[in-house]
Each structure stands twice: as C-alpha cells, then as structure tokens.
A.B. asks: 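My questions all concern the structure below.
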Amino acid sequence: MKKILIAAACVGCLASANAQDVIERPTFADNWSIGLDAGVTTPLKGHSFFGNMRGNFGLHVDKQISPLFGIGAEAAWGVNTSTVNGGLRSKTAFDNSYVGGYGTLNLNNVFGGFKCEPSPVTVDLVAGLGWIHFYRTGKVSDSNDLGAKVGFNINFATSERVSISLKPSIVWNLTADTNKDRFDINRANFNLMVGFNYNFGPGFQCVTIPDNSAEIAELNNRVNNLRADIDGRDAALAAANAQNAELSAALAACQAKPAQVVNNNTLNSVRYVFFKIGSSKITPDQMPNVEMIAAYLKNHPKAKVEIRGYASPDGSLEFNERLAAARAESVKESLIKRYKIPADRISAKGEGIGSMFAEESWNRVSICTLEE
C-alpha cells in the first residue's frame, strides 16, 4: 500500500505540471463516452486458470475531466458455467455481477506530456471500488461483497469518435474470507475485456502562444514616450505657475502704489479723455475734451501738454501696459493730425494700471495736464 500511495503522489506532481498545457477547458457536458465490454473472467485462486474461465460482458460510461484524469461507472456480468464458485450453481444465467465506479489516469500524458495531435494509442491506469454480487441456488443465499479493481485500458482510436479498448484488470473481493489479506491473490479474479467506445468529444486543445514580443516592445516605447511627454508638461506647468505667481506679485505691488496727483488745479489745467474697455480709440463723446485741449494750446502758444495713459486692472499686466501707452498716443496723434498742434509741445507716456479713481472703469483714461 505504501508503494501505491507514493506512486499516486508522484502522479499528482506530474499532473500539476502537465495541466498547464491545456488552453480550453470543456464544459461538464463535453468529453463523455459510452461503451460495451465483452471478454472473459477467471478466478486467480487454486483453480485451473483456463479451465475456470468463462464469459464476461458489461457496459460503461466515462467522463474525461482533464488530459490526465477521468471518472466512470461500469457494470459487468459473469456468464453461468455452473462449476465455478466451489461448484455452487446459480439460479440465473449469471454467476456474479460487478457494479462500481472508477478513476482513470492517462499514462501517455503523465510520462510524455500533453501533445497537440491526438495519439492513436493511449494507455490509462484504472482503479475503482464496486459491489460484487454472487448468484446462488437452492438453500444457499446470494452473497454481496465489496470489490476493488485495478487495471489498464489500452485504447486504439479507429476514428475521431470511435475507439476500441483492451482492458486487462484484477478485481479483489475485500469482504469475503476474512482470514486472508484483503489484497491476497486468492481473493481475486482476472478479467480481460474488449471495449467498444463512442466518444462525444470535443477533447482538449493545445496551448498556442503567439509571439507578441515586437508588439510588446512597441507598446513599451509608446508608454515611455507618453511618460516623457507628461514629464515635459509638468515642467511647463511648473514654469507657467512660477510666471503667474511673479505677475500676480507685480500686479499686487502696482495696485498698492498711492494714487498719483497730477495737479492740484484740476479744473483749470487737467482734462480727461475716457475710453471703452480694452480700446484705445477716442469715441465721439470724448472728442470735445480733446478739442478743449487743442483750443487751449492754440490760445497759449507757449503752453505744453503732458498726456499720461492708464488702464483698469482687467486683463494681464503686459496687455494693460501696452493699452495705457496706446491711449496716451491716441490723444497725441489726434492733437497733431486733426488740430495741427506741433509734436514738440506734446509728451505722451503710458503709466500702466491706474488707481486714481475708486470706480475702476474711470481708470480707462488719458489724463492731459496743461502747463503754462
């Protein structure tokens, strides 16, 4: 028994190694087979081996669970020869019957590994337990015993669905004649059967692993490029955040400057030209203010005008600086081109964002200071 257990453990190791060869596992309804068995059986105790041989026939149902393991159930009947079983006659056409379950181990796959192409010849190790019934006649009652079976199925595939099996096996009677060892040869029968099997399929498919190394390398390159692009964007974002912080600081400093006082005498010496948001174009309603400046300069030939352009805080600092300078230049150009005031009597300068007025929209202005 120890040898049997050691062998079973080794088979389990091999099974775990070879099971990796299967890519597609069939469902419960797949890989069933049914068959009829016919052959001979004879006791192995002290009788003539061939003289006590008699006919034996049966049927079986198998289920292949994996490329290595299968299970099944079978039933067999020994034909009545009237001289076996100690000369006890049977009241039926049979001496005995055997009904049991068994497991199979595919030795081809154990020792040779799972092959993609089906083998024309396979060998299964078979082991199982079953119920032995002996038929008696007269005053002797029928008897029931527990049986153990070990054998081989040598399978020859004649087509994709049909196979023929040669089945040598030994069946021990484990409960009769308790004075002997349970697996004593004198408690056993030798069976030699031929099975005719129909297999429902579809069998087990071999693993096919395509070579995707080139595709994997290309995907790795794309991943690396994306990572590099993300790193570059992170650096650009950090630089933009730093620039934004710098501009915000500059804007805060500009807004913190005190209001510039142009001249205390605003009524007589200062005129305002207001603009629309984001624009440096003088609108018609502001032209009277420009005309008043031109009239003053014509009435006072030695007078000059200083024009300072401002913008409200709307938009970026850089844009507002350009807009403030453009508003000052717009008033200057109008005085020169429309009213023919000499350019040397006019100075124009942009002052950026203004904070003279609490009303933000009033800071979109050019402040024109007249000097005697």
A.B. asks: Between W172 and F183, is the ring centroid distance below 6.0 Å?
C.D. replies: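 Ring-ring flag for W172/F183: true, centres closer than 6.0 Å.
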A.B. asks: Check the surroundings of atom NZ in K276: do more than 12 heavy atoms from other residues, nucleotides or ligands lie under 6.0 Å from it?
C.D. replies: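 No, the 6.0 Å shell around NZ holds no more than 12 heavy atoms from other groups.
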A.B. asks: Checking E318 against R322 for the salt bridge (charged side-chain N to carboxylate O under 4.0 Å, His left out) test, could you report, in this order, the C-alpha distance in whole Å, the side-chain angles of both residues, the deciding distance, and whether it holds?
C.D. replies: CA-CA 7 Å; E318 181 181 359; R322 293 198 305 269; 3.3 Å; yes
A.B. asks: Check whether any side-chain heavy atom of F69 sits under 4.5 Å from a side-chain heavy atom of L105, and report yes or no.
C.D. replies: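 Yes, side chains in contact.
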A.B. asks: Is the number of heavy atoms from other residues, nucleotides or ligands under 6.0 Å of E360 CD greater than 12?
C.D. replies: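 It does: E360 CD has more than 12 such atoms within range.
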A.B. asks: Once the angle between the rings of F274 and F357 is folded into 0 to 90°, is it parallel (under 30°), tilted (30 to 60°) or perpendicular (over 60°)?
C.D. replies: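 Rings of F274 and F357: tilted, 30 to 60°.
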A.B. asks: May I ask you to decide if the ring planes of F200 and Y198 are parallel, tilted or perpendicular, using 30° and 60° as cut-offs?
C.D. replies: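 Because their plane-to-plane angle is over 60°, the rings of F200 and Y198 count as perpendicular.
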A.B. asks: Look at the side-chain heavy atoms of Ile, Leu, Val, Met, Phe, Trp and Tyr, link any pair under 4.5 Å apart, and say whether I65 and F28 land in one connected group.
C.D. replies: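 In one cluster with I65: F28, no.
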A.B. asks: Around atom CD of Q243, are there more than 12 heavy atoms from other residues, nucleotides or ligands closer than 6.0 Å?
C.D. replies: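 No - once you tally the heavy atoms of other residues, nucleotides and ligands closer than 6.0 Å, there are 12 at most.
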A.B. asks: What pair of heavy atoms forms the shortest contact from R187 to T175, and how long is it?
C.D. replies: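 Closest approach of R187 to T175: NH2-N, 3.3 Å.
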A.B. asks: Please tell me if the side chains of R54 and P43 come closer than 4.5 Å, counting only heavy atoms from C-beta onward.
C.D. replies: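 In contact.
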A.B. asks: Inspect the contact between R227 and D231 and indicate whether a charged nitrogen and a carboxylate oxygen are less than 4.0 angstrom apart.
C.D. replies: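 Result for this pair is no, no salt bridge flagged.
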A.B. asks: Inspect the surroundings of CD in E333 and state if more than 12 heavy atoms from other residues, nucleotides or ligands are less than 6.0 Å away.
C.D. replies: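 Yes.
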A.B. asks: With a sphere of 6.0 Å drawn around NZ of K63, does it hold more than 12 non-hydrogen atoms of other residues, nucleotides or ligands?
C.D. replies: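 Correct, the count exceeds 12.
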A.B. asks: Can you tell me how far the OG atom of S366 sits from the NZ atom of K332, to the nearest 0.5 Å?
C.D. replies: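 Rounded to the nearest 0.5 Å, the OG-NZ separation comes out at 12.5 Å.
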A.B. asks: Please check this pair: side chain of N224 against backbone of N220, looking for a donor-acceptor N/O pair closer than 3.5 Å.
C.D. replies: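 Indeed, once roles are kept as given, a pair shorter than 3.5 Å links the two residues.
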A.B. asks: If you compare all heavy atoms of S330 against all heavy atoms of I282, which two are closest, and at what distance to 0.1 Å?
C.D. replies: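 Closest heavy-atom pair between S330 and I282: OG-CG1, 3.4 Å.
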A.B. asks: Could you check if a side-chain atom of M193 sits within less than 4.5 angstrom of a side-chain atom of S169, using non-hydrogen atoms only?
C.D. replies: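 With C-beta onward as the side chain, the pair stays apart.
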A.B. asks: Compare all side-chain heavy atoms of L297 with those of L370 and state whether any distance is below 4.5 angstrom.
C.D. replies: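 A side-chain contact under 4.5 Å exists here.
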A.B. asks: Heavy atoms only: give me the nearest S163-T158 pair and the separation to one decimal.
C.D. replies: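 Smallest heavy-atom distance, with atoms named: N-OG1, 4.0 Å.
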A.B. asks: Is R345 reaching over with its side chain to a backbone N or O of P301, donor-acceptor style, under 3.5 angstrom?
C.D. replies: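 Confirmed, R345 side chain pairs with P301 backbone.
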A.B. asks: About how many Å separate CD1 of I341 and CD1 of I336, when rounded to the nearest 0.5 Å?
C.D. replies: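 These two atoms lie 9.0 Å from each other.
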A.B. asks: List the atom of R308, the atom of E306, and the distance in Å for their closest heavy-atom pair.
C.D. replies: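 Closest pair (atom of R308, atom of E306, distance): NH2-OE2, 2.9 Å.
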A.B. asks: Considering the options H60, K149, K167, which one meets the side chain to side chain donor-acceptor pair (under 3.5 Å) requirement together with E74?
C.D. replies: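 Exactly one pass, corresponding to K149.
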A.B. asks: Output, in order, the C-alpha distance, side-chain angles, deciding distance and verdict of side chain to side chain contact (heavy atoms under 4.5 Å, CB included) for D95 and F134.
C.D. replies: CA-CA 6 Å; D95 283 327; F134 290 100; over 6 Å; no
A.B. asks: What closest approach, in Å, do I346 and I307 show between heavy atoms, and which atom pair accounts for it?
C.D. replies: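 Nearest pair, atom of I346 first, then I307: CG2-CD1, 3.7 Å.
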A.B. asks: Are any of the side-chain heavy atoms of V305 and Y296 separated by less than 4.5 Å?
C.D. replies: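 A side-chain contact is absent here, since even the closest heavy-atom pair is not under 4.5 Å.
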A.B. asks: Are the side chain of N199 and the backbone of S33 linked by a donor-acceptor contact shorter than 3.5 Å?
C.D. replies: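 A pair under 3.5 Å: no.
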A.B. asks: Spell out, yes or no, whether F94 and V99 are grouped together once hydrophobic residues are joined by side-chain heavy atoms under 4.5 Å, including indirect joins.
C.D. replies: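 No; tracing contacts between hydrophobic side chains, which count when under 4.5 Å, never links both residues.
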A.B. asks: Please step through side chain to side chain contact (heavy atoms under 4.5 Å, CB included) for the pair V150 and I170, ending with a clear verdict.
C.D. replies: CA-CA 6 Å; V150 174; I170 297 177; 5.7 Å; no
A.B. asks: Within this structure, what is the SG-CG distance for the pair C368 and N289, rounded to the nearest 0.5 Å?
C.D. replies: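 Result: 8.5 Å between the selected atoms.
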A.B. asks: Are V365 and M292 in one and the same hydrophobic cluster, where Ile, Leu, Val, Met, Phe, Trp and Tyr link if side-chain heavy atoms are under 4.5 Å apart?
C.D. replies: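 In one cluster: no.
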A.B. asks: Looking at side-chain heavy atoms only, is the closest gap between D145 and L174 below 4.5 Å?
C.D. replies: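 They are not in side-chain contact.
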A.B. asks: Once rounded to the nearest 0.5 Å, what's the spacing between atom CD1 of I185 and atom CG of L44?
C.D. replies: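 It comes to 4.5 Å.
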A.B. asks: Do the side chains of Q286 and V331 get nearer than 4.5 Å, heavy atoms only?
C.D. replies: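 No, every pair of side-chain atoms sits at 4.5 Å or beyond.
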A.B. asks: When you group the ILVMFWY residues by side-chain heavy-atom contacts below 4.5 Å and let the links chain together, are L247 and L237 in the same group?
C.D. replies: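 L237 does not cluster with L247.
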A.B. asks: Can you name the nearest heavy-atom pair linking N197 to S165, along with the distance?
C.D. replies: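 What the structure gives for the nearest pair is ND2-OG, 2.8 Å.
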A.B. asks: So, the side chain of T104 versus the backbone of G70: is there a donor-acceptor pair under 3.5 Å, distance only?
C.D. replies: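 Yes, the answer is positive, given that a donor and an acceptor are paired below the 3.5 Å cut-off.
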A.B. asks: Hey, is the main chain of L192 close enough, under 3.5 Å, to the side chain of N56 for a donor-acceptor pair?
C.D. replies: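 Checking the backbone N and O of L192 against the side chain of N56, no donor-acceptor pair under 3.5 Å is found.
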A.B. asks: Kindly compute the distance separating CD1 (I132) from CG (L146), expressed to the nearest 0.5 Å.
C.D. replies: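 One gets 7.5 Å once the value is rounded to the nearest 0.5 Å.
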A.B. asks: Keeping N320 on the side-chain end and D314 on the backbone end, is there a donor-acceptor pair under 3.5 Å?
C.D. replies: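 Yes.
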A.B. asks: Run the side chain to side chain contact (heavy atoms under 4.5 Å, CB included) test on I353 and N363 for me, step by step, so that the C-alpha distance in whole Å, both residues' side-chain angles and the decisive distance to 0.1 Å come before the verdict.
C.D. replies: CA-CA 8 Å; I353 298 174; N363 291 316; over 6 Å; no
A.B. asks: Any side-chain heavy atom of I367 within less than 4.5 Å of one from M356?
C.D. replies: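 SC-SC contact between I367 and M356 confirmed.
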A.B. asks: Consider only side-chain heavy atoms of I, L, V, M, F, W and Y, link residues closer than 4.5 Å, and tell whether V123 and V110 are in one cluster.
C.D. replies: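 They do share one cluster, since a chain of ILVMFWY contacts under 4.5 Å joins V123 to V110.
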A.B. asks: Hey, does the side chain of R327 reach the backbone of Y310 with a donor-acceptor pair shorter than 3.5 angstrom?
C.D. replies: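 Between the backbone of Y310 and the side chain of R327 there is a qualifying donor-acceptor contact (under 3.5 Å).
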A.B. asks: So, N153 versus N155: side-chain donor-acceptor pair below 3.5 Å or not?
C.D. replies: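 No, N155 and N153 have no side-chain donor paired with an acceptor closer than 3.5 Å.
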A.B. asks: Measure the spacing between CG of N96 and CG of N144 and express it to the nearest 0.5 Å.
C.D. replies: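 Spacing of CG (N96) from CG (N144) equals 11.5 Å.
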A.B. asks: Could you walk me through whether Y102 and I71 pass the side chain to side chain contact (heavy atoms under 4.5 Å, CB included) check?
C.D. replies: CA-CA 6 Å; Y102 58 86; I71 58 174; over 6 Å; no
